[in-house]
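These numbers were taken from a predicted model, which means no experiment stands behind them. Letters go in sequence order (proteins before strands), and every chain restarts at 1.
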Protein chains: 2
Amino acid sequence: MHDVAALARVSVKTVSNYFNGYPYMRAETRARIERAVDELGYRLNVTARSLRRGSTGMISLIVPELDQAYFAELAQEVIDVAATFGLTVLVETTSGDRDRELEALSGLHRQLIDGAIFDPLALGPSDAPQLGGGLPLVILGERQFEGLADHVLIADEEVAHRAVSHLVEIGRRRILLLGAGSPGTHTAILRRRGSEAALAEAGLPVDGDLVVSTDGWTRDAGAAATARALDDGRRFDAVFGFNDALALGAQWVLLERGLAVPGDVAVIGVDDTRDARFAHPTLTTMSPGRAQIARRAVELLVSRIREPETENGFASVTADFELIVRDSTVAPGTLNSTP
Amino acid sequence: MHDVAALARVSVKTVSNYFNGYPYMRAETRARIERAVDELGYRLNVTARSLRRGSTGMISLIVPELDQAYFAELAQEVIDVAATFGLTVLVETTSGDRDRELEALSGLHRQLIDGAIFDPLALGPSDAPQLGGGLPLVILGERQFEGLADHVLIADEEVAHRAVSHLVEIGRRRILLLGAGSPGTHTAILRRRGSEAALAEAGLPVDGDLVVSTDGWTRDAGAAATARALDDGRRFDAVFGFNDALALGAQWVLLERGLAVPGDVAVIGVDDTRDARFAHPTLTTMSPGRAQIARRAVELLVSRIREPETENGFASVTADFELIVRDSTVAPGTLNSTP
DNA sequence: CTCCTTGGTTACATCGTTGTAGTGAAAGTA
DNA sequence: TACTTTCACTACAACGATGTAACCAAGGAG
């Protein structure tokens, strides 16, 4: 920067001003600096700027795992949106592990970032005190840390309600709630509550045998739990997978056992991942509006970073969702199967 | 750091030495510093260290897209391995776009990183001059920049050869090479060459009708191209998808059209993504040894960063691969279908 | 008994920016 | 005319670490 200043015959500070869009500058000065920058191929040193400013222009996105399609797709969206704000995204994965979630919030990378977008799996409201101490934070998924961070919410109860209602509308009575039992995850509790509300409204009983827990929310887990349910002789005419991975795992097992989807059993998921569109049959799912979630999360985080203490003015926005009907609940050319 | 030094009654430099494992220090001094650090809850400022040292401790992983399972899984591995070296990974996606690949190498993030692991899609040998000018670089996939960067290679020809040989061994004669035609990608050319070599060795003709190009290497593209091939009335008894996504797309279309897999058509892919294990039927695939690739890539990059100019001593390592036979080529309980 | 080495520590300058305070000049106000 | 305001720019000191050179002790070589 000194060299540029020398070549343009101005002070270093003026060059700095040039890069920071300082308005009061003669056009001629600006032009001289521009020429000098070009000639020397100079680039502003981000590290020095970070040191001086005390902020890095980086944010973390903290998610359980990238090899789950939902998170990979979310990460992509967040990276793109952040770029429009001049922010760089550091993707952290935790495997849903408590220690790794805490580490991501307060560990080594803590001082590398200006804020974080966090999709907690293991951490809950009781961990509030350990929440990154003053780190600007946007929580994804559920209102867990009321009054401590901004939230971008998925309307879990409503999403589940809509999914189950759809199954009821096409005439299903015995719905396997896949993922409902996994204790410790708040999302599971809310989606279960929404599901049961929908059943109740339809005048259907909640059968405890059909509330199934899984070991994680992966295809493997969905497949295994569904296989177990079938082996136990539980009978059902629909599966509500609490995410697409679970639903796809279930569908795989159903087909494997010679059951027809949706003929014998209808299947619905949540997330609208790319995989859902390419399953066989294609998977009906609840789309959570991923692009919207990413955009709102980054926007909230940016304004929190800019104004750290808008005293307790923590915001919550809820993303829109949408039912996307595909072949796993209503086969093409099939009459609506409502009696 | 000044505060720590004051509390421990030593100089700042001694505290710095403590953090950098400087060996000549009295145990008693070390203990005093340790106590002071604990008491003040002090953490070394990474930004200042980066400024002073001229290196950031971050590396880029530059891949086409995260929502392709192969890259998501690779990213996860690279992040984990890098962490064992104390390195932070910045994941960049390019959509296989030329400009974005160049931007990732020499753009804004250039000075944020000490090196990059790069899986090029659009860039080829002719772009060598624009290659990040002195940025330590490890290229993934193919030997494209001989003498300019280290490489971790996938034995594309051998992998393809083995895949096609497997299909031939189970008695297939007319094999659709899915992804072969996409011009511009070197991987495609090598895999095609390996495939054709295997056919030639088996005394089988190469039918141009069965060399099919796709619009990208996604499920969508695989499905579309396969559908087109069927519509054109081309006949084949096996599909070699140049990656798992293509193969799964193909398999989906085949089942959709009422063909049996592997009864009528066997399907094989490359990558051994998680999806391959959960396809219906499960997908036979060539495993490229992802963990090994990640480890070697990070190791090469680290040594390149430590010794920037081991004059032209650029290394190439080739990862091991393995054929993983699943139900899409040999149905369980089926006799080996070789005549 | 001096001269050199090795161990343990320190003072200081420096990495490349940007905030603060301040300097002239030109323009607007009383 | 004198006085404030706005404009365009500058000098200097930080931000928090680390490399360099140098220092003082203690022990070994000559």
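Dashed line: the shortest gap from a side-chain N or O of Ser11(A) to OP1 or OP2 of dC9(D) is not under 4.0 Å. Checking the phosphate oxygens (OP1, OP2) of dT18(C), a side-chain nitrogen or oxygen of Asn20(A) falls inside 4.0 Å. Between Ser16(B) and dT18(D) there is a side-chain polar atom (N or O) within less than 4.0 angstrom of OP1 or OP2. Within the 4.0 Å cut-off from OP1 or OP2 of dA8(D), not a single side-chain nitrogen or oxygen of Tyr24(A) is found.
For dT18(D), its base never sits under 3.5 Å from the side chain of Arg49(B) at any donor and acceptor pair. For Arg52(A) against dT18(C), a side-chain-to-base donor-acceptor contact under 3.5 Å is present.
At a threshold of 4.0 angstrom between heavy atoms, the contacts of Arg43(A) are confined to the sugar-phosphate backbone, with no base atom among them. Val10(B) comes within 4.0 angstrom of the backbone, heavy atoms only, and of no base.
The nearest whole Å value for the distance from the OH atom in Tyr18(B) to the C1' atom in dT9(C) is 17 Å. In this structure, CE of Met25(B) is placed 14 Å from P of dG7(C), rounded to the nearest angstrom. Rounded to a whole Å, the CZ atom of Arg9(B) is 19 Å from the P atom of dG8(C). In this structure, the CG atom of Asn45(B) is 18 Å from the P atom of dC15(C), given to the nearest Å. Distance Arg53(A) CZ to dA13(D) C1': 18 Å, rounded to the nearest Å. Summarising the geometry, the separation between NE2 on His2(B) and C1' on dC15(D) is reported as 11 Å, rounded to the nearest angstrom. Summarising the geometry, the separation between CG on Leu44(B) and P on dC15(D) is reported as 16 Å, rounded to the nearest angstrom. Atom-to-atom, CG of Asn17(A) to P of dG22(C) comes out at 18 Å; the value is rounded to the nearest Å.
No donor-acceptor pair under 3.5 Å is formed between the side chain of Arg304(B) and the backbone N or O of Pro136(B).
If you check the side chains of Thr47(A) and Ser50(A), you find no donor sitting under 3.5 Å from an acceptor. Using modelled atom types and a 3.5 Å distance limit, the side chains of Ser60(B) and His109(B) yield no donor-acceptor pair. Looking only at atom types and distance, the side chain of Arg49(A) has a donor-acceptor partner in the side chain of Asn20(A) under 3.5 Å away. At a cut-off of 3.5 Å, with distance as the only test, a side-chain donor of Thr93(B) or Gln76(A) sits close to an acceptor on the other residue.
In this structure, the separation between CG on Asp3(A) and CD on Glu39(A) is 11.5 Å, given to the nearest 0.5 Å.
Here the nucleotide nearest the side chain of Thr29(B), chosen from dA17(D), dT9(C), dA8(D), is dT9(C). Nearest to the side-chain atoms of Lys13(A) among the listed nucleotides dT18(C), dT10(C), dA8(D) stands dT18(C). Checking dG16(C), dC9(D), dT18(C) against every side-chain atom of Tyr22(A), the shortest atom distance belongs to dC9(D).
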Note to self: Base contacts versus sugar-phosphate-only contacts with protein, heavy atoms under 4.0 Å: please encode nucleotides 23-29 of chain C as B, S and - from 5' to 3'.
What the structure shows: -------
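Two end axes, each from the C1' atoms of five base pairs, can be drawn for the helix from dC1(C)-dG30(D) to dA30(C)-dT1(D); they diverge by 50°, to 10 degrees.
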